[in-house]
Amino acid sequence: MGGGGGGGTAERRGPQGRHPVQRLSTGHRTAPVPSRPADVPDARPHPRSTAIVPPPGTTASEAPDWPQCAHGSGADRCRGRRVDPHPACLAHLGSAERAGHLAGLRPGAALDHRGTPFTPDLLDELLAALDDPATGRRVLGPAEFDEAHFSGEAMFERVDFTGDVSFGGSRFGGAHFTGSRFGGGIGFGEAEVARDAWFDDVQVDADAWFYGARIGGALRFPSARIGGSAVFNGLVAGGDVTFGAAAFDGTALFTGAEIAGEAWFDGARFADDASFDRLRTGRPALFDGALFHGEACFDLAVIGDDISFRDTEFRRGAGFSGATFGGGVALRGCGTGGDITFRGATFQRTTVLGPLALPGLLDLSDAVFQSAVTVEAAARDLRCRRTRWASTAALRLRHARVDVRDAVLEFPVSIASRSRRFVADDGREIDEPGLTDARVRVVSLSGADAAHLVLTDVDLTDCLFAETVHLDQLRLGGRCPLALPPSGIRWTRRRTLIEEHHWRAERHGGPGWTPAPPGTDVRAPAVLAPVYRQLRKALEDGRNEPGAADFYYGEMEMRRHDPETPRGERVLLGLYWAVSGYGLRATRALGWLLLAVVATVLAMTLWGLPQDDPRQTSTGRVSGGGITLTTEKPDPVNPQGPYARRLSGKRAEKALRTVVNSVVFRSSGQELTTAGTYIEMTSRVVEPALLGLAVLAVRSRVKR
């Protein structure tokens, strides 16, 4: 047997023989794991059983691949490795032969006792022969105990293994390796321990292979150190598993492990990637204060109770894709240098997720929250695509770009911006490295059901609203800014949808309008008009009529530019826009009113007022005893002479009085020319309408 190997790509020789180390997929990432040799079982969980089963690929009647003990016959023949030059294993040697063999051993001797049955006394005799008087410890060289059977408690405490040691397929009543040192690797694959297995304070310089091991009681590795890869794939433990303050210098693999009790990894240090894929626990799992230098993967894990990561640090992120959490998920004070992914995870009783701060992505896409939950996170991105909220939820966020595309909201869900940093359990504010944009930006509601959605103090500048279901029931609170059109007198100042920016940028190509990012559809006006209409209704239902005015303006703009709108309607909308900004721009209506008054006064001065005011003349006729009087008034005479002479101050003042009296009091009493009569009739129609539009525009901005 040679020295054990760690992570990397170089070929190493471990306790189970020579095997290459390669990169295998672990769900949403790759992590280095040792490849499985032909004689190594896969990482699927094993059924709990205390029955004695042969190692994989063998049956009880098959002869072992080592020189077999001659004790017994047939199916009852001992499988122990004989002690050369004797025909029997250590357990079946005569007392004199055994004493002679043990007397010949020296500290550091290599051992091969595969398949040998050990009683506690026999094991103690063997280890006593290897006592080192200089250190007071028992020293073994390379040792092979594959398929050995240790009845009772196997006491390997304070033993130094200077080479690789293998217990593959062995059976123990109980196993105690407290304080042991492994100068090479340790192989414990497919081993079975009926009760507890203790490895307290052990140090393994190379690989530790525990794949498929079955522990009937507790498995303890507190304060242990494993210098190479730690492979616990398919581990089955009937009690608690403890790795508190353990140090893993290589890759740590717990894929498919089953733990009936509690899992303790508090304070553990993982120097490389760690995989807990398909981990199954029935009790709480604690990783408080753990440090993951590499990626941490919990994909498809099933946690029957709470799992805690308080003050845990993920240097390269963590993945929980497809995991199921039967209890709470404590991430309070958790820090990370990468992404945290809960894609497709199921939260059955989680009440609080966070607070945590990460410079990357918090991915909740396809996750299912079955109970009320509060999510507190400071992150660059929060992705909630197709997330299902089967109960109420409150998302309190900082810095994040939030994508709620196609989410299913069965109960009220609020997304709010938090102004102050989150606080850890010890009262300190949680650092937010790499997060500089103070805004919480919702970037997409497309496909989501907004009937139960409440947005408070979030930035909607880049939000995609098209295809949102029940958008008219969306509730907005606080300050929720939207995109603005380019500055300048050409474009009206108003809140616009980013989809309108995309359409205008594609149509006009001018500066100021935001073009659509790659992969984003450009929506036509026919699609955007209903979006504006639903947002307008949402604000009106919330008694925010002034805020809804911009959405009405946007709706009318889209109708005016929609090529499917009838031409006559588009002309009317164009006039409505030009005259008063769809009844929303008081200054525009007042400007047209002033212009109309000035034009009317000018026209009245030039053509409407007669040359001179006509004077009545009366003529009388006396007949008999009576007098008959006839009064006549000549028709107004059109003004004559050059226009400059007509534009006198007197005529202008008279024209102004005439126009004002006509528009306001509906009667001027002024004699007018035929042209003046028609000018007055026109002003009585146009100018009150413009005045009404101005009043309507003012009303729309101050209505409560």
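In plain terms, the two heavy atoms of Leu130 and Ala109 that are nearest each other are CD2-CB, 4.1 Å. Contact record, Gln370 with Ser391: O-CB, 4.1 Å, taken as the closest heavy-atom pair. Minimum heavy-atom separation, Phe188 to Ala213: O-CB, 3.7 Å. Annotation for Val373 and Leu353: closest pair CG2-N, 4.4 Å, computed over non-hydrogen atoms. Between Asp431 and Ala357, the closest heavy-atom pair is O-CB, 3.3 Å. Between Thr387 and Leu364 the shortest heavy-atom distance is OG1-O, 2.6 Å.
At least one donor-acceptor pair closer than 3.5 Å links the side chain of Trp66 to the backbone N or O of Arg79. Put simply, the side chain of Asp299 gets close to the backbone of Ser321: a donor and an acceptor are under 3.5 Å apart. Remark: the backbone N or O of Glu262 is paired with a side-chain donor or acceptor of Asp240 at under 3.5 angstrom. Side chain of Arg195 to backbone of Gly216: no donor-acceptor contact under 3.5 angstrom is found. Side-chain atoms of Asp196 come within 3.5 Å of backbone N or O of Ala218 as a donor-acceptor pair. Although no hydrogens or angles enter the test, the distance criterion places a donor-acceptor pair under 3.5 Å between the side chain of Thr350 and the main chain of Gly327. With Arg137 contributing its side chain and Ala134 its backbone, the two residues share no donor-acceptor pair below 3.5 Å.
Considering OG1 of Thr178 and CE of Met155, their distance stands at 7.5 Å, rounded to 0.5 Å. Between the CG atom in Asp266 and the OG atom in Ser308 there is a gap of 9.0 Å [rounded to 0.5 Å]. Atom CD of Glu376 and atom CG of Leu331 lie 11.0 Å apart (nearest 0.5 Å). Rounding to the nearest 0.5 angstrom, the gap separating the CZ atom in Phe325 from the CZ atom in Phe298 is 8.5 Å. Annotation: the span from Cys78 atom SG to Gln68 atom CD amounts to 7.5 Å, rounded to 0.5 Å. Taking OG of Ser371 as the start and CZ of Arg349 as the end, the distance is 8.0 Å to the nearest 0.5 Å.
Between Pro64 and Glu147 there is no side-chain heavy-atom pair separated by less than 4.5 Å. You'll find the side chain of Ser170 stays beyond 4.5 Å of the side chain of His149, heavy atoms only. With a 4.5 Å cut-off on side-chain heavy atoms, Val329 and Phe320 do not count as touching. Between Pro355 and Arg332 there is a side-chain heavy-atom pair separated by less than 4.5 Å. Counting only heavy atoms from C-beta outward, the side chains of Arg98 and Leu122 approach each other to under 4.5 Å. Looking at Phe145 and Leu111, their side chains come closer than 4.5 Å, going by heavy atoms from C-beta outward. Put simply, the side chain of Pro359 does not reach to within 4.5 Å of the side chain of Arg380, judged on heavy atoms. The closest side-chain heavy-atom distance from Leu123 to Phe150 is below 4.5 Å.
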Test Ile340 against Leu356 for side chain to side chain contact (heavy atoms under 4.5 Å, CB included), laying out the working first.
CA-CA 10 Å; Ile340 293 184; Leu356 70 158; 3.5 Å; yes
I would like to know whether Ser275 and Asp273 meet side chain to side chain contact (heavy atoms under 4.5 Å, CB included); could you show each step before the answer?
CA-CA 7 Å; Ser275 174; Asp273 294 345; over 6 Å; no
Could you go through Val302 and Glu258, starting from their C-alpha distance and side-chain angles, then the distance that decides it, and tell me whether this counts as side chain to side chain contact (heavy atoms under 4.5 Å, CB included)?
CA-CA 9 Å; Val302 178; Glu258 289 190 9; over 6 Å; no
For the pair Ile186 and Val202, evaluate side chain to side chain contact (heavy atoms under 4.5 Å, CB included) and give the outcome as yes or no after the intermediate values.
CA-CA 11 Å; Ile186 176 174; Val202 302; over 6 Å; no
Show the numbers, then the answer: is there a side chain to side chain donor-acceptor pair (under 3.5 Å) between Asp363 and Ser365?
CA-CA 6 Å; Asp363 195 350; Ser365 298; 2.7 Å; yes
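A tilted orientation is assigned to the rings of Phe161 and Phe156, their planes being inclined by 30° to 60°. Using cut-offs of 30° and 60° on the angle between ring planes, the pair Phe276 and Phe292 is perpendicular. Under the 30°/60° scheme for interplanar angles, the aromatic rings of Phe199 and Phe210 are found to stand perpendicular.
Applying the salt bridge (charged side-chain N to carboxylate O under 4.0 Å, His left out) test to pairs two or more places apart or on separate chains, those with a residue in residues 222-234 are Arg225-Asp249.
If you check the side chains of Thr341 and Asp339, you find no donor sitting under 3.5 Å from an acceptor. Of the N and O atoms on the side chains of Asp277 and Thr255, not one donor lies less than 3.5 Å from an acceptor on the other residue.
Between Phe248 and Phe265, the distance from one ring center to the other does not fall under 6.0 angstrom. A centroid separation of less than 6.0 Å is found between the aromatic rings of Phe243 and Phe232. Aromatic ring centroids of Phe177 and Phe167 lie under 6.0 Å apart.
The residues Asp146 and Arg81 are annotated as not salt-bridged, no charged nitrogen and carboxylate oxygen being separated by less than 4.0 angstrom. Salt-bridge annotation for Arg214 and Glu192: present, with a side-chain N of the basic residue lying under 4.0 Å from a carboxylate O of the acidic one. Look at Arg386 and Asp366 and you find a salt bridge, because one of the NZ, NE, NH1 or NH2 atoms lies within 4.0 Å of a carboxylate O, short of that distance.
Arg220 meets the salt bridge (charged side-chain N to carboxylate O under 4.0 Å, His left out) test with Asp200; sequence neighbours excluded. The salt bridge (charged side-chain N to carboxylate O under 4.0 Å, His left out) test applied to Arg388 returns Glu410, not counting sequence neighbours. Residues satisfying the salt bridge (charged side-chain N to carboxylate O under 4.0 Å, His left out) test with Arg114, not counting sequence neighbours, are Asp112, Glu144. For Glu157, there are no salt bridge (charged side-chain N to carboxylate O under 4.0 Å, His left out) partners, not counting sequence neighbours. In this structure, Trp264 has no ring-ring contact (aromatic ring centres under 6.0 Å, His included) partners at least two apart in sequence or on a different chain.
Heavy atoms of other residues, nucleotides or ligands lying less than 6.0 angstrom from CZ of Arg181 number more than 12.
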